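Notes for the one structure printed next.
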2 protein chains.
Amino acid sequence: MSNDPPGFELPLRLFLGFRTLIDALHAELARQGHPDVRPMHGFVMQAIGLNGTTAVELGRTLGVSKQAAGKTIETLERLGYVERARDPHDTRRKIVRLTPHGLDALARSARIFDDLRAEWAAKLGEERLRALEADLRTVTPQDVFRLDVPGWFG
Amino acid sequence: MSNDPPGFELPLRLFLGFRTLIDALHAELARQGHPDVRPMHGFVMQAIGLNGTTAVELGRTLGVSKQAAGKTIETLERLGYVERARDPHDTRRKIVRLTPHGLDALARSARIFDDLRAEWAAKLGEERLRALEADLRTVTPQDVFRLDVPGWFG
DNA sequence: CTAAATAGTGAACCTGGTTGTCTATCGTGT
DNA sequence: ACACGATAGACAACCAGGTTCACTATTTAG
């Protein structure tokens with residue numbers, strides 16, 4: 001069909017949709033007391049999770065080297081979102097845990113994402129939004145996590 | 001509605017959709033003789049366009065400093081995708097133009113994106129895909145270009 | 001009990017972003 | 001005609017985050 005949209009619009013729109021949501025999230029997070037958290041940090045904190053993790057584990061989860069994971073942890077530690085403590089059962093390991101500040105950021109993010117989804121539902125209708133989500137599930141990997149995000153673009 | 005999907009799935013799926021397409025594009029581009037072009041380079045070459053541009057102009061288009069644009073141009077030049085020449089009408093300026101190699105990459109990308117869109121259409125149906133594109137147009141900025149892509153994530 | 005595997009760290013390097021400074025050139029206003 | 005402001009490009013220093021290689025300390029397995 002010659003009246004199909006050009007193929008390059010699809011990735012662009014997907015990316016713009018993603019950016020629109022992430023930018024709105026971080027604008028609101030900044031307003032709610034988290035001005036210096038970057039988009040990447042959200043993914044990393046999500047990957048750290050409520051039980052904590054280690055640099056090696058985090059690297060595996062994110063698909064980057066343990067050294068890169070370590071650097072990101074350092075940054076997050078400097079910003080006060082995570083803290084490290086030696087594992088008493090294995091003194092080689094250092095457990096990385098979210099601080100109350102980090103947990104607060106995560107909880108607020110979840111809330112804001114729900115609000116943003118509601119905004120889209122208001123614009124598109126709940127039915128269309130559900131269809132959009134279902135279609136995206138069809139064409140993307142099942143496993144939502146394991147994003148391999150950092151440094152992927154450049 | 002308590003049975004709505006959690007809001008965080010939407011950005012994740014949009015990003016995964018984007019990544020799926022871009023990864024497939026670059027796998028295919030690598031197979032077709034462009035193994036070292038990175039996702040970012042595609043956007044930059046698109047922004048350079050058929051008429052060429054300058055570092056300052058490119059920086060404005062991409063939303064980065066002229067120095068950052070200059071560095072990216074250097075990389076692209078080293079890879080053989082662009083070339084620079086002094087502007088005879090204004091000897092301060094250096095015009096950046098796509099080389100035949102760069103034009104080839106751009107043309108192949110357009111073709112591959114069309115093929116990828118056709119794959120999605122086969123999986124979802126042309127109707128649903130059109131609806132998805134239409135809905136994304138509704139919730140994203142009108143202006144497809146001006147992405148501010150580079151370095152935005154970190 | 002020794003040897004292999006593992007966790008963390010540090011160094012050197014790459015890309016791509018920033019800001020600040022500097023020179024060369026262009027264009028305008030007196 | 002010319003001086004001065006604006007512009008284009010380049011260079012330096014720095015930052016974030018990525019890589020690989022090398023090393024120490026500790027744990028685990030044979």
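Note that the structure is a prediction, hence the values are computed from the model and not measured. Below, chain A is the first sequence line, B the second, and so on; all start at residue 1.
Distance NZ (A:Lys94) to C1' (C:dT6): 15 Å, rounded to an integer number of Å. As rounded to whole Å, 17 Å separates atom P of D:dT7 from atom CG of B:Asp87. Rounded to a whole Å, the CZ atom of A:Arg92 is 12 Å from the C1' atom of D:dT24. Atom pair A:Ile95:CD1 and C:dG8:C1' shows a separation of 12 Å (rounding to whole Å applied). What separates CG of A:Leu76 from C1' of D:dC15 is a distance of 16 Å, to the nearest Å. Taking atom CG of B:Leu58 as the reference point, atom C1' of D:dG9 lies 14 Å away to the nearest angstrom. Following rounding to the nearest Å, A:Arg93 (CZ) and D:dT28 (P) show an atom-to-atom distance of 10 Å. What separates CZ of A:Arg84 from C1' of C:dG8 is a distance of 9 Å, to the nearest Å.
Contact record, B:Gly80 with B:Thr99: O-OG1, 2.7 Å, taken as the closest heavy-atom pair.
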Residue pair B:Arg13, A:Leu14: steps toward the side-chain contact (heavy atoms from CB on, under 4.5 Å) verdict: CA-CA 9 Å; B:Arg13 290 289 174 195; A:Leu14 291 168; over 6 Å; no
Evaluation steps, side-chain hydrogen bond (donor to acceptor under 3.5 Å, both in side chains), between B:Asp36 and B:His41: CA-CA 10 Å; B:Asp36 45 13; B:His41 300 153; over 6 Å; no
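Nearest nucleotide to the side chain of B:Thr54, out of C:dT25, D:dG9, D:dT20: D:dG9.
OP1 or OP2 of D:dG18 sits under 4.0 Å from a side-chain N or O of A:Thr72. For the OP1/OP2 pair of D:dG17 and a distance below 4.0 Å, the side-chain nitrogens and oxygens of A:His41 include at least one atom meeting the criterion. Side-chain N/O atoms of A:Thr91 include none lying less than 4.0 angstrom from OP1 or OP2 on C:dA7.
No continuous path of hydrophobic side-chain contacts links B:Val82 to B:Ile95 [ILVMFWY only; heavy atoms under 4.5 Å].
Base engagement by B:Ser65 is indicated by at least one non-hydrogen atom pair under 4.0 Å involving a base atom. B:Arg78 comes within contact range of the sugar-phosphate backbone alone, with a heavy-atom separation under 4.0 Å but no base atom that close.
Judged by closest nucleotide on DNA chain C, B:Lys71 is the one of B:Lys66 and B:Lys71 placed further toward the 5' end. Each of A:Pro88 and A:Ala68 was assigned the nucleotide of DNA chain D with the nearest heavy atom; the assignment lying further toward the 5' end belongs to A:Ala68.
Counting atom types as modelled, B:Gln67 pairs no side-chain N or O with a base atom of D:dG9 as donor and acceptor under 3.5 Å.
When the shell of 6.0 Å around CZ of B:Arg111 is examined, it contains 12 or fewer heavy atoms from other residues, nucleotides or ligands.
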